[in-house]
Amino acid sequence: MKIVVIGGGWAGCAAALSASKMGGQVMLIERTDMLLGTGLVGGIMRNNGRFTAAEEMIAMGGGELFELTDQNSLHRMIEFPGHRHSSLYSVARMEPMVRSFLLSRGVSIHCQVRVTDVEMADGLVRAVVAKQGDEALRFDGDAFVDGTGTAGGPANCNKYGNGCAMCVLRCHSFGGRVSVTARAGVKEMVGRKGDQIGAMSGSCKLLKESLDPQIVAALNQEGVVVVPIPAAKILKGKLALKCCQQYAMSEFEQNLILLDTGHAKLMTPFFPLDLLREIPGFENTRYEDPYAGGIGNSIRFVGMAPRDDALNVEGVANLFCAGEKAGLLVGHTEAICTGALAGYNAVKAARKEKLLVLPDSLAVGDAIGFVRRQMREEGILSLKYTFSGSVYFERMKTKGFYTTDRKQVEQRVGAAGLSMVFAQH
Ligand SMILES: Cc1cc2nc3c(=O)[nH]c(=O)nc-3n(C[C@H](O)[C@H](O)[C@H](O)COP(=O)(O)OP(=O)(O)OC[C@H]3O[C@@H](n4cnc5c(N)ncnc54)[C@H](O)[C@@H]3O)c2cc1C
């Protein structure tokens, strides 16, 4: 079974791994020179309900990528406003670890290959066509996973944001995102809030070397530093722009909240450099990501696939979606969970077997179904969903899903009959 995964973010990596464990011959195609996509600048794991979701995946035999992020964590069990038991992976070391792990599991990785179109026949995707430099390539397959995310190209950031801020997706160098779902003729959904199309990414990274040594020492020691912003310099209204609703709390407007992911991760979409440099300890600050973090950030959630709860894209029986492409689901954990299911079901579809839908007795299954219903039936495209806060974390608590007790999670997964379902077949 040939499975082609397009997009090497966390969702695509998880899909490729899962499909390979199921016995698929997997090709993972990524337009840039590195895997992980926006995960190259993220790092926060296991905060709030993400802990439970990660443990569900481990109990289902789909936990390898969580084990890698755990191994590569600079800080564990830290707290910052609204968030408990978080870990922070080193963004510098994560990509090579994931790449060599996937290679060791038999995934064939094709970087600097940008998919530009699909070939369809009888309502199915037969192949994707791509470019590597000037060379035209073609990848045929039995089933496909769209993990191309929802950010870029620069036209979206120009139109709906403050312009290209030169984020890690590096569209000018590697070409903009191309959605496989859209190329397959499926009408995508667009996130919007009032006049805002999509949403702005919610954090920047500062070069540690440009910060006051005392701040750096505290950051290295504790993993988190909170610096109050003088009242006159507080920028009101930025929280509404953010796609990460779990951080849309007044603490994140009134303070500079820094997290240590190797760089100093600043929990705000952007902050004018001259204003930042007026705050004690930040006089020499320089942005590491996005390079123009003083003026803006990337715009995401502009193209999501209509899909069912098996993550099958509506109307194309052999096309699956994962991560942000699968809906208004924000986060690495969310991308890994949906990626694992999409990769598993891609192999099932190729074998013409029944697709797996995770039950709503599990947080991961409930989230996949809940987000689909919110988007399709209730038409709510302004909210974002994550295990780590806001609407979906509240639902997790109400439904009694949220726990850090591993045994309890194992029992829940066992009761659903899904222990080790994603393990090697
Ligand atoms: C600045 C920032 C900080 C964040 N911090 C955190 C955090 O700390 N913790 C957390 O949990 N979440 C964080 N997030 C959110 C999280 O990164 C994403 O929600 C999640 O990782 C999305 O994964 P994805 O694989 O769906 O998409 P993406 O990460 O967008 O990956 C999509 C990939 O597809 C590739 N691609 C696109 N089109 C093509 C094509 N045509 N051909 C080949 N390849 C293609 C892209 O190059 C990219 O690598 C952050 C996001 C940003 C932007």
Side-chain angles (χ1 to χ4, degrees), residues 4-15 28-47 50 53-54 69 83 86-89 91 95 110-118 128-132 137 139 145-153 165 167-171 173-183 199-205 242-244 246-247 259 261 265-270 289-290 293 297-301 303-304 321-336 338-339 342 384-389:
V4 184
V5 179
I6 308 98
W10 274 119
C13 290
L28 174 59
I29 305 176
E30 165 56 41
R31 54 180 260 290
T32 72
D33 53 358
M34 284 188 279
L35 299 177
L36 297 192
T38 55
L40 286 165
V41 289
I44 308 174
M45 304 292 288
R46 289 195 176 263
N47 44 337
R50 283 181 180 155
T69 58
H83 294 260
S86 317
S87 52
L88 304 174
Y89 67 68
V91 292
E95 196 270 347
H110 302 262
C111 279
Q112 296 193 55
V113 176
R114 178 168 171 260
V115 168
T116 52
D117 211 347
V118 302
V128 292
V129 292
K131 280 227 150 168
Q132 186 168 38
L137 300 173
F139 297 83
V145 179
D146 184 349
T148 55
T150 61
C167 78
V168 76
L169 292 175
R170 297 165 293 158
C171 301
S173 309
F174 296 106
R177 172 182 59 88
V178 176
S179 166
V180 171
T181 300
R183 298 308 305 164
M200 194 176 276
S201 297
S203 72
C204 309
K205 275 97 245 151
K242 287 174 73 107
C243 52
C244 320
Q246 69 271 32
Y247 307 122
L259 301 176
T261 58
K265 182 175 168 90
L266 175 64
M267 300 298 286
T268 187
F270 62 94
D289 167 76
N297 214 318
S298 49
I299 293 288
R300 308 196 337 258
F301 297 102
M304 294 160 291
C321 60
E324 291 186 2
K325 185 53 75 183
L328 295 158
L329 278 157
V330 189
H332 312 328
T333 302
E334 294 73 2
I336 294 171
T338 50
K384 311 287 176 302
Y385 305 91
T386 156
F387 299 112
S388 70

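Note that the coordinates shown come from a computational prediction; the quantities given were computed from them, not determined experimentally. Order of listing sets the numbers, starting from 1, for every ligand and every atom in it.
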- Message: Counting only heavy atoms closer than 4.0 Å, does ligand 1 sit against the backbone of Arg50, its side chain, both, or neither?
- Response: side chain

- Message: Quick one: does any side-chain atom of Ser86 pair with a main-chain N or O of Asn47 as donor and acceptor, under 3.5 Å?
- Response: no

- Message: Is it the case that ligand 1 has an N or O less than 3.5 angstrom from some N or O of Val41?
- Response: no

- Mark up the atoms of ligand 1 that fall under 4.0 Å of a heavy atom belonging to Ile6, in ascending order. 42 (N), 43 (C)

- Message: Using a 3.5 Å distance criterion without hydrogens, assess whether the side chain of Arg177 forms a donor-acceptor pair with backbone atoms of Ala151.
- Response: yes

- Close N or O approach (Ile44, ligand 1; < 3.5 Å): yes

- Task: Determine whether the side chain, the backbone, both or neither of Lys265 has a heavy atom under 4.0 Å from any heavy atom of ligand 1.
- Result: side chain

- Examine Gly323 against ligand 1 and note whether any of their N/O atoms are separated by less than 3.5 Å. no

- Under 3.5 Å: N/O of Thr32 near N/O of ligand 1: no

- Note on the structure: Residues passing the salt bridge (Lys or Arg N to Asp or Glu O under 4.0 Å) test with Arg31, sequence neighbours excluded, are none

- Message: Classify the ring geometry of Trp10 against His332: parallel below 30°, tilted from 30° to 60°, perpendicular beyond 60°.
- Response: tilted

- Task: Would you mind running through ligand 1 and noting each atom that sits below 4.0 Å from a heavy atom of Gly9?
- Result: 25 (O), 31 (O), 33 (C), 49 (O)

- Task: Kindly say whether Cys111 contributes a backbone atom to a donor-acceptor pair with the side chain of Glu30 at under 3.5 angstrom?
- Result: no

- Item | Nearest option to atom 32 (C) of ligand 1, as decided by whichever heavy atom of Ser388, Gly37, Ala15, Gly147 sits closest | Gly147

- Message: For Thr116, is there any backbone N or O sitting under 3.5 Å from a side-chain donor or acceptor partner on Lys131?
- Response: no

- Message: One residue to check: Arg300. Relative to ligand 1, which of side chain, backbone, both or neither has a non-hydrogen atom less than 4.0 Å away?
- Response: side chain

- Task: For Glu334 and Phe387, indicate whether the former's side chain and the latter's backbone hold a donor-acceptor pair under 3.5 Å.
- Result: yes

- Got a donor-acceptor contact below 3.5 angstrom from the Asn297 side chain to the Ala165 backbone? no

- Considering distance alone, does some N or O of His332 sit under 3.5 Å from an N or O of ligand 1? yes

- Task: Report the part of Ser203 (side chain from C-beta onward, or backbone N, CA, C, O) that has a heavy atom under 4.0 Å from ligand 1; answer both or neither where that applies.
- Result: both

- Message: Below 3.5 Å, N or O to N or O, backbone or side chain included: is there any such pair between Gly331 and ligand 1?
- Response: yes

- Side-chain heavy-atom pair Ile44, Lys265 within 4.5 angstrom cut-off: yes

- Lys325 heavy atom under 4.0 Å from ligand 1: no

- Answer yes or no: does an N/O atom from Lys205 fall short of 3.5 Å to an N/O atom of ligand 1? no

- Query: Does ligand 1 have a heavy atom under 4.0 Å from the side chain of Ala335, from its backbone, from both, or from neither?
  - Reply: side chain

- Is it true that a side-chain atom of Asp146 and a backbone atom of Thr181 form a donor plus acceptor pair closer than 3.5 Å? yes

- Query: For ligand 1, which atoms have a heavy atom of Ser201 less than 4.0 angstrom away?
  - Reply: 53 (C)

- Message: If I apply the N/O under 3.5 Å rule, does Val178 come out as touching ligand 1?
- Response: yes

- Item | Per-atom contacts, ligand 1 versus Ile29 - under 4.0 Å to a heavy atom | 43 (C), 44 (N)

- Query: Does any non-hydrogen side-chain atom of Val115 lie less than 4.5 Å from one of Val178?
  - Reply: no

- Message: Could you check whether any heavy atom of Val113 sits closer than 4.0 Å to an atom of ligand 1, since that is the contact criterion I want to use?
- Response: yes

- Query: Can you find a pair of side-chain heavy atoms, one from Leu40 and one from Thr32, that are under 4.5 Å apart?
  - Reply: no

- Query: Can you name the salt bridge (Lys or Arg N to Asp or Glu O under 4.0 Å) partners of Arg114, sequence neighbours left out?
  - Reply: none

- Message: Considering both backbone and side-chain atoms of Arg31, is one of its nitrogen or oxygen atoms within less than 3.5 Å of a nitrogen or oxygen in ligand 1?
- Response: yes

- Item | Close-contact set for ligand 1 against Gly42 heavy atoms, below 4.0 Å | 4 (C), 5 (N), 6 (C), 7 (C), 8 (O)

- Going by distance only, is there an N or O of Gly43 that falls short of 3.5 Å from an N or O of ligand 1? yes

